[in-house]
Amino acid sequence: MQLRHAAFDSEGPNRSRNTLSLERIRLGFDGHAYTPDLRYTLVLDANSDSAAEVSFLDAYFSYDFGCSMFDLKPGTLGFRAGKWKSPFSRSREE
């Protein structure tokens, strides 16, 4: 979270202005529902400069089939649906 406070005191024709704005706020929620194999992740991003707009950075759920059905290590075989950032890009990999 990042807060910004701007103070402007005036003795002239312009009136005094003090503002407090929330520059960046990110809230994250993750966990599992019903079974440890069904996981969810939700990351919200808020910014007061863009008319108090809230957007989803990450919003997805995943289900691990391999762990319970085939007795594989967790994370070996699964399904993911939703919106998320790529953990890497081609330029970063190179």
Side-chain angles (χ1 to χ4, degrees):
M1 177 170 68
Q2 180 182 1
L3 298 171
R4 181 183 357 170
H5 179 260
F8 177 73
D9 293 328
S10 174
E11 295 179 9
N14 296 330
R15 62 185 188 137
S16 298
R17 294 182 192 161
N18 290 322
T19 59
L20 178 66
S21 61
L22 304 171
E23 289 301 309
R24 292 180 194 91
I25 296 178
R26 288 192 179 168
L27 293 173
F29 304 96
D30 64 348
H32 63 84
Y34 304 112
T35 175
D37 295 333
L38 180 61
R39 302 200 51 83
Y40 64 89
T41 299
L42 178 67
V43 178
L44 302 169
D45 183 37
N47 187 349
S48 66
D49 289 342
S50 57
E53 180 180 300
V54 176
S55 61
F56 293 103
L57 290 181
D58 291 338
Y60 63 89
F61 70 93
S62 60
Y63 188 77
D64 190 357
F65 291 105
C67 192
S68 61
M69 295 175 107
F70 304 113
D71 201 27
L72 299 173
K73 291 181 181 178
T76 304
L77 179 64
F79 173 79
R80 181 187 283 186
K83 176 189 175 223
W84 64 90
K85 294 183 296 186
S86 177
F88 62 89
S89 64
R90 182 180 172 101
S91 62
R92 183 173 177 176
E93 186 176 325
E94 292 175 353

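Computed from a predicted structure; not experimentally measured.
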Measuring only between side-chain heavy atoms, which start at C-beta, is F56 closer than 4.5 Å to L44? yes
L77 versus F70: any side-chain heavy-atom pair under 4.5 Å? yes
Taking atom [atom1] of [X] and atom [atom2] of [Y], what is their separation to the nearest 0.5 Å?
X   : Y   : atom1 : atom2 : answer
T41 : D58 : OG1   : CG    : 7.0 Å
S62 : H32 : OG    : NE2   : 12.0 Å
R39 : F61 : CZ    : CZ    : 14.0 Å

Nearest non-hydrogen partners of Y60 and K83, listed with the distance: CD2-O, 3.9 Å
If you compare all heavy atoms of D64 against all heavy atoms of G75, which two are closest, and at what distance to 0.1 Å? OD2-N, 3.0 Å
Pairing residues for F65 by the ring pair (Phe, Tyr, Trp, His ring centres under 6.0 Å) criterion, not counting sequence neighbours: Y63
Same apolar cluster: [X] and [Y], side chain cutoff 4.5 Å:
X   : Y   : answer
W84 : L38 : no
L42 : L27 : yes
V43 : F29 : no
Y34 : M69 : yes

